[in-house]
Amino acid sequence: PNVFYLRAFHRNYGPITAIKAFAIVQQRFPKAHLMMVGPEIDDVRRECEILVNELGLWSNIEFHGRVPKSRIPELGSRNDIFLNPTFVDNTPVSTVEAMAMGMCIVATTAGGLPYLLQDGETALLVTPGNEVEMAHAIIRILEDPTLSESLSRNARAMAEQMDWRWPDWIIYPTGGGTGI
């Protein structure tokens with residue numbers, strides 16, 4: 001199993017929680033792999049690396065910095081489960097991208113995530129900062145092919161309903177301006 005973290009390395013986004021949860025998963029699935037991708041925002045990446053060293057997980061966790069948007073589909077295609085262990089959020093594009101890729105998603109209930117994702121339908125939602133809950137959600141997906149297939153299919157279908165186009169019903173003002 002391959003797990004994907006695609007967020008900035010910032011304390012608010014929970015990369016430490018992701019590593020702790022993954023360590024629990026790795027005990028049950030020793031060949032599991034975690035790919036962590038994102039730019040460094042604060043000093044938490046160094047803390048992540050120290051934790052990985054303490055847990056002896058260097059052969060199971062790979063770190064990447066910022067990557068071009070064009071690489072995200074390729075990196076995502078190498079992974080099965082998307083983690084969003086954040087403590088704060090609105091509507092994260094990374095989670096929508098994971099939905100579009102048909103990945104199974106484990107995310108927290110922070111911010112707007114419960115409005116974007118439906119627990120048990122398009123993702124499994126857990127309490128922010130609770131690595132045990134997060135690990136159990138990952139393991140549940142790995143051990144239940146029916147659940148993983150359903151989460152993947154439903155997330156992909158929801159992503160397909162999302163649209164970036166400006167709505168047709170917007171009335172544009174006359175006399176110049178952008179309408180915004």
Side-chain angles (χ1 to χ4, degrees), residues 1-101 103-117 119 122-142 155 159:
N2 295 304
V3 182
F4 195 34
Y5 170 94
L6 178 65
R7 294 299 304 254
F9 282 90
H10 188 282
R11 199 165 314 286
N12 287 342
Y13 294 141
I16 295 285
T17 302
I19 292 168
K20 289 179 177 179
F22 178 76
I24 297 168
V25 171
Q26 198 271 335
Q27 291 173 6
R28 187 143 185 178
F29 295 91
K31 293 183 180 181
H33 183 263
L34 172 61
M35 180 185 293
M36 300 188 80
V37 177
E40 294 181 48
I41 304 296
D42 62 12
D43 61 347
V44 79
R45 168 131 179 208
R46 180 72 184 128
E47 290 179 41
C48 289
E49 292 170 349
I50 290 168
L51 180 59
V52 168
N53 193 52
E54 290 172 357
L55 296 170
L57 292 174
W58 277 114
S59 62
N60 298 85
I61 298 179
E62 107 187 54
F63 289 93
H64 295 268
R66 180 183 303 272
V67 298
K69 282 281 190 193
S70 60
R71 285 206 56 216
I72 291 173
E74 179 258 322
L75 293 173
S77 71
R78 293 197 255 157
N79 293 280
D80 309 300
I81 297 173
F82 178 81
L83 290 186
N84 188 346
T86 192
F87 290 91
V88 295
D89 227 322
N90 290 312
T91 307
V93 172
S94 59
T95 301
V96 175
E97 289 169 334
M99 294 167 70
M101 289 186 274
M103 298 177 80
C104 292
I105 298 168
V106 176
T108 67
T109 56
L113 286 167
Y115 299 98
L116 175 65
L117 303 166
D119 187 36
T122 58
L124 295 182
L125 300 179
V126 301
T127 306
N130 192 325
E131 67 266 10
V132 174
E133 276 185 41
M134 182 162 276
H136 286 284
I138 295 167
I139 291 167
R140 186 173 161 208
I141 289 169
L142 294 174

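FYI, side chains are in, hydrogens and waters are out, and symmetry mates aren't considered; it's all heavy atoms of this structure.
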Write down the atom of [X], the atom of [Y], and the distance for their closest heavy-atom approach.
| X | Y | answer |
| --- | --- | --- |
| Phe82 | Ala98 | CG-CB, 3.4 Å |
| Thr109 | Pro128 | OG1-CD, 3.5 Å |
| Glu49 | Trp58 | O-CZ2, 3.5 Å |
| Val37 | Phe9 | C-CE1, 4.3 Å |
| Leu116 | Pro92 | CD2-CD, 4.2 Å |
| Arg66 | Pro39 | NH2-CB, 3.4 Å |

Requested in this report: Start with the C-alpha distance between Met103 and Asn79, add both sets of side-chain angles, then the distance that settles side-chain contact (heavy atoms from CB on, under 4.5 Å), and finish with yes or no.
Outcome: CA-CA 8 Å; Met103 298 177 80; Asn79 293 280; 3.6 Å; yes
For residues [X] and [Y], determine if any side-chain heavy atom of one lies less than 4.5 Å from a side-chain heavy atom of the other.
| X | Y | value |
| --- | --- | --- |
| Val67 | Leu75 | yes |
| Leu117 | Leu125 | yes |
| Met134 | Pro85 | yes |
| Pro1 | Ile81 | no |
| Lys69 | Val93 | yes |
| Leu6 | Met35 | no |
| Ile19 | Tyr5 | no |
| Cys104 | Leu142 | no |

Distance from [X] atom [atom1] to [Y] atom [atom2], nearest 0.5 Å?
| X | Y | atom1 | atom2 | result |
| --- | --- | --- | --- | --- |
| Glu97 | Ile72 | CD | CD1 | 4.5 Å |
| Ile105 | Leu124 | CD1 | CG | 10.0 Å |
| Thr108 | Asp89 | OG1 | CG | 7.0 Å |
| Met36 | Arg7 | CE | CZ | 11.5 Å |
| His10 | Asp43 | NE2 | CG | 9.5 Å |
| Ile50 | Arg45 | CD1 | CZ | 12.5 Å |

Query - Residues Arg46 and Glu40 bridged, charged N to O under 4.0 Å - result: no
Report task. Give the C-alpha distance, both sets of side-chain angles, the deciding distance and a yes or no for side-chain hydrogen bond (donor to acceptor under 3.5 Å, both in side chains) between Asn2 and Arg78. Result -> CA-CA 7 Å; Asn2 295 304; Arg78 293 197 255 157; over 6 Å; no
Report task. Please indicate whether Arg11 has more than 12 foreign heavy atoms, meaning atoms of other residues, nucleotides or ligands, lying under 6.0 Å from its CZ. Result -> yes
Requested in this report: Look at atom OH of Tyr13 and say whether more than 12 heavy atoms of other residues, nucleotides or ligands are closer to it than 6.0 Å.
Outcome: no
Query raised in the report: Between the side chains of Glu133 and Thr127, does any donor sit under 3.5 Å from an acceptor?
Result: yes
**Report entry** Main-chain N/O of Gly112 paired with Thr91 side-chain donor or acceptor, under 3.5 Å
**Finding:** no
Query raised in the report: Between the main-chain N or O of Ala32 and the side-chain N or O of Asn60, is there a donor-acceptor pair closer than 3.5 Å?
Result: yes
Query - Criterion side-chain contact (heavy atoms from CB on, under 4.5 Å) on Val52 and Phe63, from CA distance to verdict - result: CA-CA 10 Å; Val52 168; Phe63 289 93; 3.8 Å; yes
Requested in this report: Report the C-alpha distance between Phe22 and Ile138 in whole Å, list the side-chain angles of each, state the deciding distance to 0.1 Å, and finish with yes or no for side-chain contact (heavy atoms from CB on, under 4.5 Å).
Outcome: CA-CA 9 Å; Phe22 178 76; Ile138 295 167; 5.9 Å; no
